[in-house]
Amino acid sequence: MSAPTKPINGAAPPVVKMDREHTKLHKAAQDLEGIFIGELFKAMRATVPDDGILSQAPGQDLFQGMMDDRMAALQAQRSKSGLSESLYRQLSRRLPDVSQP
C-alpha cells in the first residue's frame, strides 16, 4: 500500500466551505464574467465583414447571438483562474467568515 501523498510544502490544502452568501457571490461573479465574455464575442463578430461569398440566412444573427451567450456562460463556469475568481476573492473578504463551526 502506498502512503497518502502530501503537498510539497507540507501543508494540507485548504478546505473551502461555502455558505449561502458565498455561493450567491460566486454565482454572481461567474454571471458577470459570462456577460463580459459575451460582449467580447459580439465585438469580435462585428469585425467580420457581412458581405462575402456566403450570405447570412434569416435568423442567423439571433441564433449566433444565443450560441455566443451560451459559450460565454460555459467558459465563465469552467474557468478556474479568470475574472470571476478574482472578483470572488476580492469581494468575499467582506462576507462573514464561514470557517467557524
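All of these numbers come straight from a predicted model, not from anything done at the bench.
A salt bridge does not link Asp68 to Lys42: none of the charged side-chain nitrogens sits closer than 4.0 Å to a carboxylate oxygen.
Using a 4.5 Å heavy-atom cutoff, the side chains of Glu85 and His26 are in contact. Annotation: side chain of Tyr88 is in contact with side chain of His22 (closest heavy-atom distance under 4.5 Å). For the pair Asp61/Gln64, a side-chain contact is recorded, criterion being any heavy-atom separation below 4.5 Å from C-beta on.
Here Ile37 contributes atom CD1 and Gln30 contributes atom CD; the two are 10.5 Å apart, rounded to the nearest 0.5 Å. Within the model, atoms CE of Met67 and CG of Leu62 stand 12.0 Å from one another, a figure rounded to the nearest 0.5 Å. Annotation: the span from Gln90 atom CD to Leu25 atom CG amounts to 11.0 Å, rounded to 0.5 Å. In this structure, CD in Gln75 is found 9.5 Å from OG in Ser84, a value given to the nearest 0.5 Å.
The shortest heavy-atom contact between Gly38 and Ala72 is N-CB, 3.4 Å.
Linking Ile, Leu, Val, Met, Phe, Trp and Tyr residues whenever their side-chain heavy atoms come within less than 4.5 Å places Met71 and Met44 in a single cluster. Leu40 is not connected to Ile35 by any chain of hydrophobic side-chain contacts under 4.5 Å among Ile, Leu, Val, Met, Phe, Trp and Tyr, and they are in different clusters.
Remark: side-chain polar atoms of Ser79 are not paired, donor with acceptor, to backbone N or O of Ala76 under 3.5 angstrom.
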